[in-house]
Amino acid sequence: MRKKININELKTGMYIDELCGSWMDHPFWKATFKLEDPNDLVSLHHSSIKEVWIDTVKGLDVGPQVPHLVEEDTGSNTYQSLEHAATVAPKIQLGVSLEQELARAEQIRNEGRHAIMSMFAEVRMGKALPMDEMVGLVDKINDSVMRNHSALLSLVKLKNKDDYTYLHSVAVCALMIALGKQLGVEENQLKLLGMAGLLHDVGKIAMPEDILNKPGRLTDDEFELIKTHPVRGWEILKESPSMNALVQDVCLHHHERVDGTGYPDQLSGPALTLAARMGGICDVYDAITSDRCYKAGWPPAEAIRKMAEWQNGHFDATIFQAFVRTIGIYPVGTLLKLKSGRLAVVTDQSEKSLLKPVVKVFFSTRSNTRIKMELVDLSHAQDTIENIEHADKWGLDVKKITGVV
Ligand SMILES: [Fe+2]
Ligand SMILES: [Fe+2]
């Protein structure tokens, strides 16, 4: 059984199933492990982690004196409160359908990956940031997001360890623009937000690649070094003539948190700008939904749920609600099992409820066969969502079958 316990109750012999908090802000890159080394316990006490989930089947349990949250208590409640909060904002009107945008978005994704890769290489050799090229790229990403933001966002999810940093930049650019649009930001500012997303991790140029791509856990020293990338990036951006202050701000402050526990400046409250708060949300969402060399990405719907659970302290609640409204509680591309036993992939959000998206059904888990594909708007259907599924479990190439990534 999974139990949520306070960090002070943790002892060696327990099996950590999940560290509550952003996994990017502590030195434990493994999400689950048996706590055997007392030094690990000390490191955890020194980290920003306040609570952990333990698995009492795989390791020691806590005493019975204090009641603890068990697995069954989470999940649906989070989704319900998210739904309530997120419906305050209007749904973004899309220019074209997902199918219509996917091919163009794929081209922009590939162009973007190539452009960021070359930019990193040039700056690493001491050349200036190729800003004309970056401006052109932001324009294209902005146009695609305006037509249908789900197309590019679902495509940039797919990364491998070699192109993670490049596609992460494209993804955060697209997310910043989509979120800015949801928040009612005007077009010129939207492009600035996009540029900030595109360049937010430029400081990784100055990080040793073997540490950036290290498959295992980072040492404390390595983690401290990685934490310097916002400042290193800001130094690079300052060199570029007339670099906008907003872009510099997001680069320097995308790892800050609203409660002041982030880095490098521990900013909180009004000191943290809207753009920096947006950057923090977009950055974490893309990082945790991407496959990395040390862990598989979470399905987007799961990432949204986790972020909702972390949001007190980590993220600005109002901006997070707008973010959820932008990409949905079940973002496009989420694989779902319906109560009818059918597998379906999310293709759009419905006007009525973020908990009832539009899906494409394509497989019956009861007969274990493909079925005729059809679009079902769950807000008007009898069928409901049973749970989120992993495509690997069913051995299905969802993209090939449905055309939806
Ligand atoms: Fe970063
Ligand atoms: Fe990032």
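These values consider heavy atoms only, across backbone and side chains, with no hydrogens, waters or symmetry-generated copies. First listed ligand is number 1; within each ligand, the first listed atom is number 1. Residue indices begin at 1 and follow the sequence shown.
Taking the six-membered ring where the residue is Trp, Tyr263 and His229 present perpendicular rings, their angle passing 60° and hence far from 30°.
For the Fe ion (ligand 1), the N/O/S atoms of Asp283 include none lying under 2.8 Å.
Around the Fe ion (ligand 2), the angle linking His200 (NE2) with His168 (NE2) is 90°, rounded to 10 degrees. Expressed to the nearest 10°, the angle at the Fe ion (ligand 1) joining NE2 in His255 with NE2 in His254 is 90°.
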(message) Show, in sequence, the C-alpha distance, side-chain angles and deciding distance for Lys127 and Val123, and conclude whether the side-chain contact (heavy atoms from CB on, under 4.5 Å) test is met.
(response) CA-CA 5 Å; Lys127 291 192 187 166; Val123 177; over 6 Å; no
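Nearest N, O or S atom of Asp201 to the Fe ion (ligand 1): atom OD1.
Here the side chain of His168 pairs no donor or acceptor atom with the backbone of Tyr164 at under 3.5 angstrom.
Annotation: cation-pi geometry satisfied between Lys238 and Trp234 (NZ/CZ under 6.0 angstrom from ring centroid, within 45° of ring axis).
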